[in-house]
Amino acid sequence: MNRLLICFFILFLPSLTLFGQSKYTISGTIKDKKNGETLINVSASLLEQPSIGTVCNEYGFYSLTLQEGTYKIIFRFIGYRSDTFLVALKSDMKLDHTMSLETSLLKEVVVNSKRKDDNIRKAEMGVERLDVKEIAKIPVIFGEKDILKTIQLLPGVKSAGEGNSGFFVRGGAADQNLILLDEAPVYNASHLLGFFSTFNSDALKDVSIIKGNSPAQYGGRLSSVLDVKMKEGNSQKYNVTGGIGLISSRLSIEGPIQNDKSSFMVSGRRTYADVFLKATEDYKDNSLYFYDLNAKANYRFNDKNRVYISGYFGKDVLAFGDNFKIDWGNTTGTIRWNHIISPKLFSNTSLIYSNYNYNIKLNSGGTDFNINSQIKDWNVKQEFQFFPSTKNSWRFGFNSIYHTITPNKFEGEGINNETKQSRYSLENALFVNNTMKIHERFNLDYGLRLSMYTVLGGDTYNIFDDGKLKDSVVLASGEFGKTYYNLEPRLQFSWMLNEVSSIKGGYARNTQSLHLLSNSTSANPTDQWIGNSYNIKPEISDQISLGYFKNFAENKYQFSVESYYKNLQNQIDYKNGADINSAPDIESELLYGMGRAYGVELLVKKTEGKFTGWIGYTLSRTERKIDGINNNDWYVAKQDRTHDISIVGMYELTPRWSLSGLFVYNTGNAVTFPSGKYNVDGNTVFLYTERNGYRMPAYHRMDIGATYTKPHKKNYESSWNFSLYNLYGRENAYTITFEDNPNDPSKTRAIQTSLFRWVPSITYNFKF
Amino acid sequence: MQYKNFTVISLLLLSSCTKEINIDLNSSDAKIVIEGNISNEVGPYYVKLSKSVNFSESNIYPPISNAIVVISDNVGTIDTLIEEVSGTYKTQKTIGVPGNTYNLTVFIDGNKYTATSKMPIPVKLDSLKFGSFSGFGGDDSTYTVIPVFRDPESYGNNYRFIQTVDGELDKSYIIFNDNATNGIVNQRPIFSSDVDVRKNSEVKVEMRCVDPETYLYFYSLSQIAGNGPGGGTTPSNPPTNITGDVMGIFSAYSTQTITQIAP
């Protein structure tokens, strides 16, 4: 396979030099007229020949190279009014443009946006883009709109549990998702034990998820890329938006700093459950809250240079009096420099900082204990985008990350834990990706990523065999240790069967050098990240996927069926009875193995009209085989769910009222239940026969919501959002535990715990 | 560390309900369970042989009679145990001495099962210290108990504590090792989700110095026992030091007990 792909490269490289003398380039940036935000994925094409065109990149930049001549160029974007320009192309030229929303007043204007069929045309597979405005209408628990909960409603993406923002993609583990906020990796995307995500929707501009077939510029995780981009800030006028909910409140301010040159956005959110706790006698000494802050500013030096600075800061705090306190949080920062080198060559340089840490403080009898851990990254990314012709575009560059990982460390009086050091490593990647139109009907997207992970000195690395120490490697500070090289080919294509349907296929290899160790059945803020070492090798996944895409009724309905098969190598798990907190070297507690996942995903979507929504269904299987677990036999992974259905509907009843509803059903998680019991030392001990041999009861739930938009008063807009989570009060099993029956000591019993029946919520949103 | 218990409580605050349910659990082949203990207290010592039962059955475990049970040690004692009551075998001449190694051999229906355990040298338990503690929404009147002892200079000491409060046995598994606390006076408290220590409670703490295999066995049980909202480990059978397809543990330990009244 690898050799074949390299042949592809050689074959297509000459296309770089194939542009002739009399061609000129028209390029520019497309923005939203209302707020000056750059628009992503706007299509720029010839009015008469819609197949000749391009789309704007993630910074709103487009470049179109054509023969000298006169053209009608049309800009199209869903939800926006299309605009056509007559252009006499005699030399390279610049055409910036601002687009207006398609409002009801403009309904009479003929909206000629036939290109709503990108879903079938583009070679990309397993990609979903979320409209942040649309998300606001979908009912969610506590009325807190949340992109991570919304993506769980898409086929192939599964929730990690009731009300949980963790997710599994195509059989991957939760740590196999690359979650990027303005290019910075977010290591723990959840607040409050997973019930909220770290993403405050008010601060977001664009969200997309790629399920395994990511282009070569992305790498480092096996299963998916969730690419979240923050708003740039309104460059036209000042805006204040906010919301008051039962659990939390939000406030954002954005506006221009210098007209048309610079703008900013600051957005904050905080929960206030602890305010109520303080008011009660019993709970007044406790804290339970989180907050997050997003900020972004950009400055345009001139037509060719623009700088963006963005940051995120979030923290969770949970404390009981003076005895116990746990806090955890992410900090990210990104500085980006967009530079238009030539009309055909776009450059972006990013300097990225990312940090996740947690702290646990315990006090008992006047003695303090501390448990803490941290992962910190410095990250440089350089990417070039080259647009030689309308049929061809390239992305290439490098990424270099310096990781500092401080493992779970005990500190305090009465603790001596001098053995655990911070570990350093370097994760480098070179990538090149080419998107080309080989034929009117055939689009190809292929690329190659070279990943390199180097263990750096400053610590002793132990080599274990079957949990027993075999050898040690002492690396001096600054010394280079073992380096893992991985070549990751990626390829995907689309073949248009006719104007409304296509077949797509793809293959992608992904590798992962950072691993989240978790021994619990649900995500904990204290799960630890660990890098490759002399024992831990990069995880590798190979995914093949094939799909059929069809649009109906002038692209109002989209239908797709995608199937995938994924093979996983070097998967990691804790051994039974692993000592996760105090083992001198956690690597002695690990086991390695492999995995496989396969499935079919169906999606029917209605994108226009008063009624919009989708039905998604996934039929899948996910298995693991780890040496030392389940007698070394294959077993179904915890996240294996045979059937997974989501139905989402939104209906615009009147211009003031819109209604929404959703229904989800999935097979219960695979779990390990006892098959017998015995007695040791006076206690009942349960006997287990097979890993994950049982199923939790099936999970299903319906939520409804309604939004009332108040008539605008001058510049003041406001709306009320009502929602009811778990409409019919289904008691979904969150956990099932087994214990001696306290009423009859001669018996044991099973206890089911359910969360959240009928959670109503109300949120007031405003903007001025 | 049992901090997971606290996250459990905070989850429950958000709203939850529990109920007893019926689950159709598979039946399993009865497994042999061997539990043997030797301590530095005066004997006799006992080895119990029984079989596991299905989950739905009563907690009555069929004893295994007519087995041959032999305990030998590294000072030349070979002791064939006598079945006192059905399934319970009693030593005749074994003396528990710290530092000695004990070997257990059991023959059941012609199959042989063996285990070895070395009795650790006792570490002196000095006293109990009481620290005030309040949980989530809890009152301030509860205490945690800190067993005060100095861990020896070298690594590799393992402890199991058994706490009884006002005559009520704490069913939680309490185990420490010295990975992070080698050579210093213990300040780690006993966290228990099973019993509360209050003003004037009579607290009895037995400290057992155990071998690493016994530590691992009870540590594994403690991890599984934490299985609730907020996470427990995927359950598995705890790793045993007995060869053959059996459950249970053979443990030689040294023991001390202190009883104190909470202030």
Side-chain angles (χ1 to χ4, degrees), chain A residues 193 282-283 285-286 288 318 320-321 323-324 360 364-367 371 410 413-417 519-522 524 576-577 579 581-584 672-681 683-689 691 731 734-737 745-756, chain B residues 1 3 6-7 10-11 14-21 23 25-26 28 31 33 35 50 52-55 58-59 61 129 131 133-137 144 146 171 177 179-182 184-187 189 216 219-221 223 227-239 247-249:
Chain A
L193 308 164
D282 279 355
Y283 296 105
D285 293 333
N286 303 300
L288 175 69
L318 180 63
F320 311 115
N323 295 120
F324 177 82
I360 300 166
S364 173
T367 310
I371 306 171
F410 269 111
E413 302 164 49
I415 302 280
N416 53 358
N417 198 18
N519 77 331
S520 65
T521 43
S522 68
N524 262 320
N576 292 338
D579 179 354
N581 282 316
S582 69
T672 307
F673 284 159
S675 292
K677 58 188 174 182
Y678 54 94
N679 190 293
V680 167
D681 208 18
N683 280 347
T684 304
V685 179
F686 296 113
L687 178 71
Y688 301 95
T689 50
R691 167 78 69 127
E731 288 182 32
Y734 187 63
T735 59
I736 292 175
T737 52
S746 73
K747 289 277 185 192
T748 45
R749 63 177 188 175
I751 294 290
Q752 171 185 304
T753 304
S754 320
L755 305 174
F756 311 132
Chain B
M1 280 284 149
Y3 56 80
F6 297 98
T7 55
S10 62
L11 274 176
L14 289 167
S15 93
S16 70
C17 61
T18 58
K19 66 175 182 188
E20 193 174 332
I21 53 164
I23 300 185
L25 293 168
N26 297 340
S28 56
K31 287 261 181 183
V33 180
E35 187 194 356
S50 61
S52 69
V53 298
N54 286 329
F55 185 85
S58 292
N59 297 348
Y61 306 100
K129 204 165 98 182
F133 193 85
S134 60
F136 195 74
T144 52
I146 303 165
K171 286 199 153 191
N177 66 14
N179 277 343
T181 53
N182 186 49
I184 51 182
V185 175
N186 179 58
Q187 310 217 14
L216 180 62
Y219 179 81
S220 304
L221 286 178
Q223 292 281 297
N227 193 3
T233 49
T234 299
S236 59
N237 298 317
M247 300 291 134
I249 185 80

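Note that the structure is a prediction, hence the values are computed from the model and not measured. Per chain, numbering begins at 1; letters A, B, ... match sequence-line order. All values below were derived from every heavy atom in this structure, side-chain atoms included, with hydrogens, water molecules and symmetry-related copies excluded.
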[X] versus chain A, the contacting section by heavy-atom distance below 4.5 Å:
{"X": "E35(B)", "answer": "side chain"}
{"X": "L216(B)", "answer": "side chain"}
{"X": "I23(B)", "answer": "side chain"}

**Prompt:** Taking T748(A) for the side chain and F55(B) for the main chain, is one N or O donor matched with an acceptor at less than 3.5 Å?
**Reply:** yes
**Prompt:** Do the side chain of N237(B) and the main chain of L687(A) share a donor and acceptor less than 3.5 angstrom apart?
**Reply:** no
**Beyond-backbone contact of N26(B) with T689(A), side-chain heavy atoms, under 4.5 angstrom** = no
**Item:** Considering all heavy atoms, the nearest P238(B)-Y678(A) contact
**Value:** CD-OH, 4.1 Å
**Asked** Looking at V33(B) and N679(A), what are the two nearest heavy atoms and their distance?
**Response** CG1-O, 4.0 Å
**Request:** Please step through side chain to side chain contact (heavy atoms under 4.5 Å, CB included) for the pair Y734(A) and T18(B), ending with a clear verdict.
**Result:** CA-CA 10 Å; Y734(A) 187 63; T18(B) 58; over 6 Å; no
**Item:** Residue among E731(A), K677(A), Q752(A), R691(A) with most heavy-atom pairs under 4.5 Å to chain B
**Value:** K677(A)
**Fill in**
Hits for side chain to side chain donor-acceptor pair (under 3.5 Å) against S28(B), two or more places apart or cross-chain, chain-then-number order -> none
**Asked** Does K171(B) have any side chain to side chain donor-acceptor pair (under 3.5 Å) partners at least two apart in sequence or in another chain, and if so, which?
**Response** none
